[in-house]
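We number each residue from 1, following the sequence as shown.
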Amino acid sequence: TKDFEPRIGLDWDPFKQGKTVVRAGFGMFDVLPLPYEFGLNTAATAPFQIIGAAPGATLGSGINPNVNFNEQKIRNRFIDAFPKRAYVMNWNLNIQQQLAPGYTFLLGYVGSRSLHLSAAADDINLVQPTAVSGVGLVFPCDPSLLAAGNTCANQQTGTRIDPNWGGGAGIRPVLYDGASSYNSLQAQLKKSFSQGVQGQVSYTFGKCRDLSSAPVTGDSYLNSIAVPLLLVKSARVGACDFDVRQILTGTLMWNLPSIKNSSGFVNTLTGGWELGTIVTATTGAPFTATVGDGNDPLGTGFNGDFSMDFASLIPGCNPIHGGVNYLNTNCFTPPTAPSSFALATAANPFGCAPNSYPASPVAPPPGTEFCSNVLGNTGRNRFYGPGLTTVDFSIFKNTRIPSISEAFNIQFRAEFFNILNHTNFLSPGFLNTFGQNNSVYDFNGASLPTALNQTATTSRQIQLGLKLIF
């Protein structure tokens, strides 16, 4: 398949009246590795970046011979040396119909499929799980190695892939095993400019799924899992981090007519006014309900900011409340396993971790037990945050001065962003601040705050301007 990139297109007027057109197309395109995929990986790797400590050092004193660091904890990178060809296939089919003079309607389907895309993470040197029938993915827990007072939820007892490297900055990888798919229904009603008015309304209903939305670094988006279980594809598949299922946008521009047969002063005063608006309404962005906050209840030994462990969802319970207390935390529990699942021991570390989630305010569902070393059942990006609605509005006044030049125009602009001052809450995410996060429980089972307290858009913003056009 090397250098094979077929493209085909179709444009058809089925009734030969110039009012209906059918279009279709297919194309295959290479996704070439670009410098941005390697720039950060090079600059933030030893020997170009080494983080150490030098007590008593002062700025401008030159190289300090007392700088010390652990050579096994400096930042390291792993790049897939033999990547497969990364490519994307795009296709579409649409029908456009003229409804009346100046009005057209378009209805179409758009899809794509991508393979062998770059997938990054903040660490790949993790303790690996094993699949246990009837339980799921289980991470090793050896109680005999625990320090006094610790559990397998706050002390790693398993062995990393490379036990000689870890505990500091980890090993940040770029693999070329990413894949994604996108399918959408798209519609548009458009009015071309006539009688001083033009506008359109567009709607998209789409679905995007992938194995990773992070081509360079693990936390590319606020909702990205910075350290996913990169070697376990079943734990990575989910909605794209940017998957917004429904998008409705409307635009309108209106050139107001001036008073006819008026004096030059009145014509200048009443003419040249333009009104414009953009209305946007979308569904929310996806997010992952997790357990552990910034801790490591699975005992992976990861280097990162937030746990990759999933919470477990109670069957038949609606997990979304709406409003400020958006997430219905009563629908979630820490991860569980059947009560028959034996406890982990030194001889059998792939059992249920003893003393799991002792601070949980809820009991495990009947017939189950809490196991901190078992991956929860909700999965990546299963839930969607609150929608977004904004209305932007503008007023322009054009004052043309032909005595200076034919094109000379003094334009006054008043622009109002989010004119209705509508509050659009931000979806729960890993990188949100002010205490809002997507972890329902901590590593010990204690409840964590999940109430929404950040917005995705600003409050009403008013912008005034004067523009000279010549």
Side-chain angles (χ1 to χ4, degrees), residues 1-37 83-119 176-194 198-216 220-221 237-253 278-283 285-286 381:
T1 60
K2 185 177 180 181
D3 297 329
F4 180 65
E5 296 183 340
R7 319 282 171 84
I8 186 172
L10 169 69
D11 198 342
W12 177 39
D13 182 354
F15 305 115
K16 303 186 185 303
Q17 297 178 348
K19 295 184 178 182
T20 306
V21 61
V22 178
R23 300 183 183 93
F26 171 86
M28 184 174 176
F29 307 85
D30 278 312
V31 182
L32 299 176
L34 299 175
Y36 79 91
E37 294 181 15
K84 295 183 179 179
R85 178 193 181 195
Y87 63 93
V88 57
M89 296 176 288
N90 295 330
W91 56 86
N92 68 82
L93 170 66
N94 65 71
I95 301 174
Q96 189 174 27
Q97 175 68 46
Q98 179 181 338
L99 303 178
Y103 289 87
T104 58
F105 177 73
L106 182 144
L107 183 66
Y109 161 72
V110 176
S112 72
R113 172 68 169 157
S114 303
L115 295 171
H116 310 307
L117 302 177
S118 63
Y176 288 88
D177 70 342
S180 68
S181 64
Y182 174 75
N183 295 279
S184 70
L185 171 71
Q186 300 183 8
Q188 182 187 82
L189 177 63
K190 184 175 182 179
K191 181 190 182 302
S192 58
F193 185 80
S194 64
Q198 67 177 8
Q200 68 180 42
V201 177
S202 301
Y203 172 75
T204 298
F205 178 74
K207 181 179 181 180
C208 178
R209 292 180 66 80
D210 65 11
L211 290 173
S212 172
S213 299
V216 179
S220 297
Y221 297 88
V237 66
C240 302
D241 292 347
F242 46 85
D243 180 38
V244 177
R245 292 292 177 89
Q246 299 187 66
I247 303 174
L248 176 67
T249 58
T251 63
L252 178 68
M253 292 187 65
I278 301 175
V279 180
T280 304
T282 75
T283 53
N381 283 346

Contacts of [X] that satisfy side-chain contact (heavy atoms from CB on, under 4.5 Å) - sequence neighbours left out:
X    : result
A119 : D177, S212, R236
Q97  : K19, T20, L99
N92  : N94, V110

Which residues satisfy the side-chain hydrogen bond (donor to acceptor under 3.5 Å, both in side chains) test with [X], sequence neighbours excluded?
X    : result
N90  : none
T249 : none
Y109 : W91, N183
Q198 : none

Nearest 0.5 angstrom please: [X] [atom1] to [Y] [atom2], how far?
X    : Y    : atom1 : atom2 : value
S202 : Q188 : OG    : CD    : 4.0 Å
S194 : Y103 : OG    : OH    : 6.5 Å
L189 : F105 : CG    : CZ    : 7.5 Å
L211 : L115 : CG    : CG    : 9.5 Å
N381 : C208 : CG    : SG    : 10.0 Å
Q96  : L106 : CD    : CG    : 5.0 Å

Handout entry: Considering all heavy atoms, the nearest G206-D243 contact
Key = O-OD1, 4.2 Å
Fill in the blank from the handout: Between T204 and S184 the two heavy atoms that sit nearest each other are CG2-CB, 4.1 Å
Return all side-chain donor-acceptor pairs below 3.5 angstrom for residues 7-15, not counting sequence neighbours, or 'none' if the list is empty.
residue	atom	partner	partner atom	Å
R7	NE	M28	O	3.2
R7	NH2	E5	OE1	3.2
D13	OD1	F15	N	3.4
D13	OD1	K16	N	3.0
D13	OD2	G18	N	3.0

Side-chain contact, heavy-atom cut-off 4.5 Å: [X] with [Y]?
X    : Y    : answer
Y176 : K84  : no
P215 : S220 : yes
C240 : Y182 : no

Practice task
Give a yes or no on whether K190 atom NZ has more than 12 heavy-atom contacts from other residues, nucleotides or ligands under 6.0 Å away.
Solution key: no
Problem - Residues which pass salt bridge (Lys or Arg N to Asp or Glu O under 4.0 Å) with D30, listed by chain and number, not counting sequence neighbours - result: R85
Practice task
With sequence neighbours excluded, tell me which residues meet ring-ring contact (aromatic ring centres under 6.0 Å, His included) with F242.
Solution key: Y221
Exercise for the section: Sorted by first residue and then second, give each salt bridge (charged side-chain N to carboxylate O under 4.0 Å, His left out) pair with at least one member in residues 100-109; sequence neighbours left out. Expected result: none
Handout entry: salt bridge (charged side-chain N to carboxylate O under 4.0 Å, His left out): pairs with one or both residues in residues 203-213, sequence neighbours excluded
Key = D210-R380
